[in-house]
Amino acid sequence: MTGYMDEFFDSDDSVSIHRFNAMLSEFYLKNRRPMPWRDEITPYRVVVSEIMLQQTQVPRVLKKFEEFMQIFPDFAALAQASLEDVLRVWQGLGYNRRAKYLLQIAQEIMNRWDGVVPDDPAVLQTLPGIGAATAGSIVVFAYDRPVVFIETNVRRVFIHHFFQDRGSVSDKEIYPVLNRTLDHTHPRDWYYSIMDYGTYLAGAIENPNRRSRHYAVQSKFSGSDREIRGRILKILLDEGPTAVDIIHQKIQSEKERTDRILGQMIHEGLLMRDGSLIRFLDSKDFFL
DNA sequence: ATCCCGACGA
DNA sequence: TCGTCGGGAT
């Protein structure tokens, strides 16, 4: 059934894929980055690290991870923590919604999954704050199973090597190549090597992800709502429940703007009004 | 000043 | 599909 050209391209692919994987493993042999969630692997440590790594670079996560593990050593401990406790440890990692997602994940793992992290990406994606990329990475890194997922390093490496002279490369195009390249015998190490090589590439050449169809530049932080949200969070962590007037005073922005931002944070389930005070939700306020 | 980065809700 | 969400490094 296969014509001459099909066979030609198939064998050509095999060769380039084989070379690529040989290059990867050679790179990894010399440049493997030690990380606490790689060197002592448990499903809990994998879940926590992957949520932290969603939008935060490795060096910043490295500084927080051990502290987080000391304070919340397992799902049981985390599931019983207050949102305020988790947010306090989370300080500095950014995107604070993730701290709440992580707390909810721990509660759901304990109560619905008997304390066991599901090994099915589709199931993991039903948990809050876990999308396709994180679901795949959890299954790969916790259970060493060959699941295909795309995140920034995968994207960077594959665009660089397999879409050399292309622009606007979509993830849809990357999936089939990734699927054929993935090492099904040692998927965990294979993905580790992709992560390390991708990070190396980021420093060595212009970011190939600029040629991804999904690449986007984010608005600047200084003067943004995000900055004010961060400051509101810090006030509440330092002062405890605080009157809206006091928050207005400390934030020093237009009242309407501060109110709008407070309203969003309440809407997201991070904060709540308690009489005239603003405070963090108690776990019982959102417990399943 | 610019760069980076996955999930979610509209 | 697009806008939003932090904060540190460079």
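Each chain gets a letter, A, B and so on, in the order its sequence line appears, and its residues count up from 1.
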Q.
Do A:I174 and A:F163 make a side-chain contact, defined as non-hydrogen atoms from C-beta onward lying under 4.5 Å apart?
A. yes
Q: Please name the residue in the list A:V46, A:V47, A:I41 that meets the side chain to side chain contact (heavy atoms under 4.5 Å, CB included) test with A:F141.
A: A:V46
Q: Give me the residues of residues 230-242 of chain A where at least one heavy atom lies under 4.0 Å from an atom of DNA chain C, by number, or none.
A: A:G230
Q. Rounded to whole angstrom units, what separation is found between the CD atom of A:E151 and the P atom of B:dC4?
A. 14 Å
Q. A:Q104 has an atom CD; how far is it from atom P of B:dC8, in whole Å?
A. 10 Å
Q) Any chance the side chains of A:N209 and A:H214 put a donor and an acceptor closer than 3.5 Å? A) no
Q | Stretch residues 191-223 of chain A: residues that reach within less than 4.0 Å of DNA chain C through a heavy atom | A | A:Q218, A:F221
Q) To the nearest 0.5 Å, what is the distance between CG (A:L53) and OG1 (A:T152)? A) 12.0 Å
Q.
Distance under 4.0 Å to a non-hydrogen atom of chain A counts as contact; along DNA chain C, which nucleotides mark the start and end?
A. C:dT4 to C:dA9
Q) Is the ring centre of A:F149 less than 6.0 Å from the ring centre of A:Y175? A) no
(Q) Any residue in residues 52-62 of chain A with a heavy atom nearer than 4.0 angstrom to DNA chain B? Just list them by number, or reply none. (A) A:Q54, A:Q55, A:Q57
Q) Between residues 158-178 of chain A and DNA chain C, which residues have a heavy-atom gap below 4.0 Å? A) none
Q. After noting the C-alpha distance and the side-chain angles of A:R226 and A:Q218, does the key distance pass the side chain to side chain donor-acceptor pair (under 3.5 Å) rule?
A. CA-CA 12 Å; A:R226 301 198 307 285; A:Q218 129 127 257; 2.9 Å; yes
Q | d(CD, A:E50; C1', B:dG6) in whole Å | A | 11 Å
Q) Are the aromatic rings of A:H161 and A:Y197 close, with centres under 6.0 Å apart? A) yes
Q) For residues A:R98 and A:T56, is any side-chain donor paired with an opposing acceptor at under 3.5 Å? A) yes
Q.
Tell me which residues in residues 248-273 of chain A lie within less than 4.0 Å of DNA chain C, going by non-hydrogen atoms.
A. A:Q264
Q: For B:dC5, take OP1 and OP2 only and decide whether either is under 4.0 Å from a side-chain N or O of A:R156.
A: yes
Q. Roughly how far apart are A:S224 OG and A:E227 CD, rounded to 0.5 Å?
A. 5.5 Å
**Q.** Euclidean distance, atom OH of residue A:Y95 to atom P of B:dG6 [Å, nearest integer]
**A.** 10 Å
Q) Hey, are A:T134 and A:Q54 close enough side-chain-wise for a donor-acceptor pair under 3.5 Å? A) yes
Q: Pick base, sugar-phosphate or nothing for A:K64, based on heavy-atom distances below 4.0 Å to the nucleic acid.
A: nothing
**Q.** Any donor-acceptor N or O pair under 3.5 Å, side chains A:D85, A:S82
**A.** yes
**Q.** A:N153 versus A:R156, side-chain donor and acceptor atoms under 3.5 Å
**A.** yes
Q) Is any side-chain N or O of A:T152 closer than 4.0 Å to OP1 or OP2 of B:dC5? A) yes
